[in-house]
Protein chains: 2
Amino acid sequence: MGIDALDGRLITLLDREPRIGVLEASRRLGVARGTVQARLDRLRAHGVIRGFGPQVDPAALGYPVTAFATLEITQGQGPDVRAHLASVPEVLELHTTTGEGDMLCRLVARSNADLQRVIDKVVGFEGIVRAATAIVMENPVPLRIIPLVEQAARDAPPS
Amino acid sequence: MGIDALDGRLITLLDREPRIGVLEASRRLGVARGTVQARLDRLRAHGVIRGFGPQVDPAALGYPVTAFATLEITQGQGPDVRAHLASVPEVLELHTTTGEGDMLCRLVARSNADLQRVIDKVVGFEGIVRAATAIVMENPVPLRIIPLVEQAARDAPPS
DNA sequence: ACCCAGGCTGTGCATTGTGTCCAGCGAAAA
DNA sequence: TTTTCGCTGGACACAATGCACAGCCTGGGT
């Protein structure tokens with residue numbers, strides 16, 4: 001699946017101003033409404049655009065502390081540990097990885113003190129051997145996708 | 001900033017079906033349209049809902065490989081390193097952390113081989129002393145927020 | 001050289017949703 | 001008790017949506 005320059009501009013535009021809708025987008029991009037509609041349908045069909053869900057800020061919800069925990073798991077306990085972590089609301093994300101640990105998860109907490117409670121909840125489970133936590137201080141580059149979209153659009157200029 | 005049960009249901013609903021709009025949401029929730037509109041305005045004003053931007057899947061864009069890199073920085077080079085990393089499209093996210101390394105970043109690449117190129121680009125910069133990379137194999141818990149929203153709504157039932 | 005398929009355009013239509021008001025009402029705070 | 005606040009239900013003009021269609025251009029295949 002590749003995207004062309006128009007797809008790239010469309011995604012970028014929607015990212016900056018999600019409220020504009022198809023008609024206004026077509027005006028901004030200088031193409032017909034049907035084209036924007038078709039492109040959007042195609043991007044969604046191909047899974048490039050997964051959806052337009054609300055982007056919720058954990059900090060505004062009262063969870064301003066973010067941390068990453070590297071977990072080491074005992075052999076064979078993977079599935080159980082996953083289920084356990086999935087049941088903890090403060091676990092925002094969980095990956096299994098190569099390298100140092102076996103899993104990496106993103107946590108949030110109400111405060112540094114509260115983080116202790118969250119970590120206890122996370123690691124207080126059979127099968128987790130060791131956990132290393134890194135507390136996030138700053139977030140110089142918040143989760144983004146636009147630069148990648150633009151590069152992808154550049155890599156495949158032909159439609 | 002706290003959210004009540006109605007806010008929680010609204011966010012959850014919008015997360016599951018982002019396309020429904022205010023009117024349909026009010027029907028589903030069994031409240032007046034004005035109420036939904038007011039809640040939405042309030043949530044956006046307080047920063048709980050940052051927006052409704054498109055959720056783009058890097059894999060569908062041709063970047064199916066995700067990795068996390070822990071970087072160690074030489075004293076005083078922080079700002080330069082941040083600027084450098086921000087200029088790399090494959091760097092989706094960057095945090096400064098406590099603990100083992102000084103920074104943690106999320107990378108994507110076109111393949112495991114391509115990851116080498118990305119890593120070279122990332123670490124080929126003055127000020128980066130050491131880098132440890134963990135390649136993501138599975139993603140048992142994709143980035144989520146709903147469980148946290150529900151807990152936050154439960155924590156503040158009054159209103 | 002030819003034809004065809006696919007994408008874009010510009011247009012139309014009926015339906016639906018939006019933004020924005022307002023008055024009434026109940027409950028909680030002062 | 002009185003004020004304040006949020007929710008309700010309704011109204012309105014306007015804008016956007018989903019869907020369909022014919023014409024046009026272009027690149028690829030025959």
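So that the names make sense, note that chain A is the first sequence line, chain B the second, and so on, each numbered from 1. The figures that follow rest on heavy atoms only: side chains count, while hydrogens, waters and symmetry mates do not. What you see is a predicted model; the values in this text were computed from it and never measured.
Phosphate contact (OP1/OP2 of D:dG18, side-chain N/O of A:Gln37, threshold under 4.0 Å): present.
With a 6.0 Å cutoff to the six-membered ring centre and a 45° limit on the axis angle, B:Arg110 counts as a cation-pi contact of B:Tyr63.
Rounded to whole Å, the distance from CD1 on B:Ile20 to C1' on C:dT16 is 14 Å. Nucleotide C:dG10 holds its P atom 14 Å from the CG atom of A:Leu29, rounded to whole Å. In this entry the distance linking CG of A:Leu40 with P of D:dT17 reads 10 Å, nearest Å. Here the C1' atom of nucleotide D:dG6 and the CG atom of B:Leu43 are 14 Å apart, to the nearest Å. Rounded to a whole Å, the CZ atom of B:Arg9 is 12 Å from the P atom of D:dC7. Rounded to whole angstrom, the span from the CZ atom of B:Phe52 across to the P atom of C:dT18 amounts to 11 Å. The separation between A:Asp41 atom CG and C:dG6 atom C1' is 16 Å, rounded to whole Å.
Note on B:Glu24: nothing from the nucleic acid sits closer than 4.0 angstrom, heavy atoms only. Residue B:Arg27 is classed as a sugar-phosphate contact, given heavy-atom separations below 4.0 Å to backbone atoms only.
For a distance-only test at 3.5 Å, the side chain of A:Arg19 fails to qualify as a donor-acceptor partner of the base of C:dT18. Judged by atom type and distance alone, A:Arg39 does not reach the base of C:dG7 through any side-chain donor-acceptor pair under 3.5 Å.
Positionally, the nearest nucleotide of DNA chain C for A:Leu6 lies more toward the 5' end than for the other of A:Leu6 and A:Arg33.
Electrostatic pairing of B:Glu138 and A:Arg82 counts as a salt bridge here, judged by a charged N lying under 4.0 Å from a carboxylate O. Of the charged side-chain nitrogens involved, at least one lies within less than 4.0 Å of a carboxylate oxygen, so that B:Asp114 and B:Arg117 count as a salt-bridged pair.
Checking A:Asp41 against A:Gln37 by side-chain atom types alone, no donor-acceptor pair falls below 3.5 Å.
Comparing D:dT17, C:dT9, D:dT8 by their closest approach to the side chain of B:Val31 singles out D:dT8. Of the candidate nucleotides D:dT17, C:dT9, D:dG9, D:dT17 has the atom lying nearest to any side-chain atom of A:Leu23.
Inter-residue side-chain proximity for A:Arg144 and B:Glu93 is flagged as unmet; no heavy-atom pair is nearer than 4.5 Å.
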